[in-house]
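Below is one structure, written out as structure tokens; comments come after it.
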Amino acid sequence: MERMNQCGVHASSPIAPWAAQAFTGVAKWLCAPLLCCAIPSVVLGADDPLPVQEVAAGVFVHQGVHQDAMPGNYGAIANVGFIVGGECVAVIDTGGSFAQGKALRAAISRQTSLPVCYVINTHVHPDHVYGNAAFTADQAEFVGHHNLAASMRSRDGYYAAYLERTIGPDLARQSILVPPNVPVKEVHQLDLGERTLTIQAWPTSHTDNDLTVLDETTATLWTGDLVFRERIPSLDGKLSGWLSTMESLAGIPARLVVPGHGSVSTDWPAVMKPQQQYLQQLQADVRAALKAKRSIQQAMSEIGALNPSQWQLFDGSHRQNVTAAFTELEWED
């Protein structure tokens, strides 16, 4: 009989350092004030499960590490997970590599023998979609924003090169894009058996293919990268659209929110406030730079340069955010 420690991890299961670090972030808020478990740091074997935590009844989350993708973390830098219904399972994002997707599939098998009927991608970014191929044998339906398939096609070559450069050719080789066969244009509901998920597609925001997943049973909202915590937001869509979408998101009656990056929270919608403030300040600063006839290079070097940052990985994304905002706002009326 397998032993399990106090955080629900099989004591006999080896856990890789990248997985242990990711799990520790979830464990900090879930275990307090309970006695929390120690996470062993050993090499993850080929068939070992991804560490997950049950954050609500039947809702399991693996929290990604706040790092850039690299071979040592398997590209497991985003939050992924699954929801168990009465008849089947829905996966929400699959991770940054086939290896992570395979480990996520093993984690599901640890929790239930029910089949995986849906794989839902919240948007196109590599850290959320490259585990899809690990679920093709399940004959699941792949669900995504109606723009997702086109975005996958247009970025396929670039993303393939990105994977080789970041996680290495061995991990990249099996990691392929699997597009959705269930496109969502507005609102779509999935039945897992006595459990309904409401999928909502949003206008261009973080990307042009963002969607959210609301588990009606537990009022758990999976936002994908429409909400970042701790890690700096990354703009790949439309700044004004993202700010508008956040206002609409606040009206969803969620009790628990799973962001695309960072720890799960019950403080909804207030948990979006730091991101909202960052994006609003970015918008104001870029508009001021444009009014002052500053160049894009000047804006990149000046905006935010003197401000202490509360965000992890700030330097890696902030200048890109300034560039994206500048190119959008310079065409404002």
Side-chain angles (χ1 to χ4, degrees), residues 64 66-69 77-78 122-128 145 147 150-151 154-155 158-159 161-162 165-166 201-212 223-251 257 259-262 265 267-333:
H66 290 316
Q67 299 174 354
D68 292 323
I77 62 175
T122 61
H123 64 289
V124 72
H125 286 161
D127 49 329
H128 296 261
H145 192 284
N147 288 335
S151 188
S154 67
R155 299 177 183 220
Y158 173 78
Y159 278 178
Y162 163 84
R165 186 173 68 251
T166 55
W202 296 91
T204 301
S205 305
H206 164 62
T207 67
D208 73 348
N209 50 82
D210 299 299
L211 57 75
T212 55
T223 66
D225 282 4
L226 287 171
V227 178
F228 281 71
R229 294 194 73 195
E230 299 131 23
R231 180 183 179 124
I232 186 172
S234 173
L235 178 60
D236 186 26
K238 188 176 180 181
L239 178 56
S240 58
W242 198 351
L243 287 166
S244 177
T245 291
M246 289 172 62
E247 293 180 4
S248 299
L249 281 173
V257 61
H261 296 268
S265 176
D267 191 17
W268 178 257
V271 70
M272 288 192 292
K273 192 66 175 178
Q275 174 178 288
Q276 183 182 43
Q277 291 174 335
Y278 169 78
L279 295 176
Q280 287 175 337
Q281 189 63 53
L282 176 65
Q283 186 181 60
D285 289 347
V286 170
R287 282 174 172 163
L290 287 165
K291 186 175 181 180
K293 307 297 184 182
R294 310 299 279 173
S295 69
I296 192 169
Q297 290 80 12
Q298 289 171 319
M300 287 171 59
S301 63
E302 295 170 2
I303 291 176
L306 301 179
N307 299 331
S309 175
Q310 67 189 82
W311 300 103
Q312 296 195 42
L313 303 178
F314 182 85
D315 292 337
S317 293
H318 176 68
R319 288 168 63 88
Q320 295 176 12
N321 290 341
V322 173
T323 301
F326 193 101
T327 56
E328 172 190 339
L329 297 175
E330 68 178 337
W331 298 104
E332 270 189 327
D333 293 331

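Evaluation of the side chain to side chain donor-acceptor pair (under 3.5 Å) rule for S240 yields E328 as partners, not counting sequence neighbours. Residues forming a side chain to side chain contact (heavy atoms under 4.5 Å, CB included) with P259 (at least two apart in sequence, or on another chain): N79, T223, V227, R229. Taking R287 as the reference, E332 meet the salt bridge (Lys or Arg N to Asp or Glu O under 4.0 Å) condition, with sequence neighbours excluded. The side chain to side chain contact (heavy atoms under 4.5 Å, CB included) test applied to Q298 returns R294, S295, E302, not counting sequence neighbours. Not counting sequence neighbours, F326 has no partner by the ring-ring contact (aromatic ring centres under 6.0 Å, His included) test. Taking the side chain to side chain contact (heavy atoms under 4.5 Å, CB included) definition, one finds that D267 meets it with S265, A270, sequence neighbours left out. Remark: Q275 engages no residue in a side chain to side chain donor-acceptor pair (under 3.5 Å) (not counting sequence neighbours). Residues satisfying the side chain to side chain donor-acceptor pair (under 3.5 Å) test with H318, not counting sequence neighbours, are Y278. E230 meets the side chain to side chain donor-acceptor pair (under 3.5 Å) test with H66, S263; sequence neighbours excluded. Qualifying ring-ring contact (aromatic ring centres under 6.0 Å, His included) partners for W242, counting only residues two or more places apart in sequence or in other chains: H206.
Residues P233 and W311 have side chains in contact (heavy-atom distance under 4.5 Å, counting atoms from C-beta outward). Contact annotation: the side chain of H145 never approaches that of T207 to less than 4.5 Å [non-hydrogen atoms, C-beta and beyond]. Side-chain contact between H261 and D225: present, with at least one pair of heavy atoms (C-beta onward) separated by less than 4.5 Å. Annotation: side chain of T122 is not in contact with side chain of T212 (no heavy-atom distance under 4.5 Å). In this structure, L226 and T245 have side chains that are in contact, with non-hydrogen atoms separated by less than 4.5 Å.
A distance-only check finds no donor-acceptor pair linking the side chain of S151 to the backbone of N147 [under 3.5 Å]. Judged by distance alone, the side chain of N209 and the main-chain N or O of V124 form a donor-acceptor pair under 3.5 Å.
Between I232 and S317 the shortest heavy-atom distance is CG2-CB, 3.6 Å. Between S301 and R319 the shortest heavy-atom distance is CA-NH1, 3.8 Å. Annotation for G241 and S205: closest pair O-OG, 3.6 Å, computed over non-hydrogen atoms. Scanning all heavy atoms of the two residues, the minimum distance from A69 to T166 falls at O-CB, 3.5 Å. Listed here is the closest heavy atom pair of W202 and L211: CD1-CA, 3.9 Å. The shortest non-hydrogen separation linking L239 to A325 is CD2-CB, 3.9 Å.
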- request: Would you please test L249 and W268 for side chain to side chain contact (heavy atoms under 4.5 Å, CB included) and show each step?
  value: CA-CA 10 Å; L249 281 173; W268 178 257; 4.1 Å; yes
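Judged as a salt bridge (Lys or Arg N to Asp or Glu O under 4.0 Å), not a single pair has a partner in residues 271-280 (not counting sequence neighbours). Among residue pairs with one or both ends in residues 231-246, those qualifying as salt bridge (Lys or Arg N to Asp or Glu O under 4.0 Å) are D68-R231, R155-D236; sequence neighbours excluded.
Rounded to the nearest 0.5 angstrom, T323 OG1 and Q297 CD are separated by 8.5 Å. Distance CG/N321 to CD1/I303: 11.0 Å, rounded to 0.5 Å. From E247, atom CD reaches atom CG of L243 across 7.5 Å, with rounding to the nearest 0.5 Å.
Using bins of under 30°, 30° to 60° and over 60° for the plane-to-plane angle, the ring pair H123/H125 lands in the perpendicular bin.
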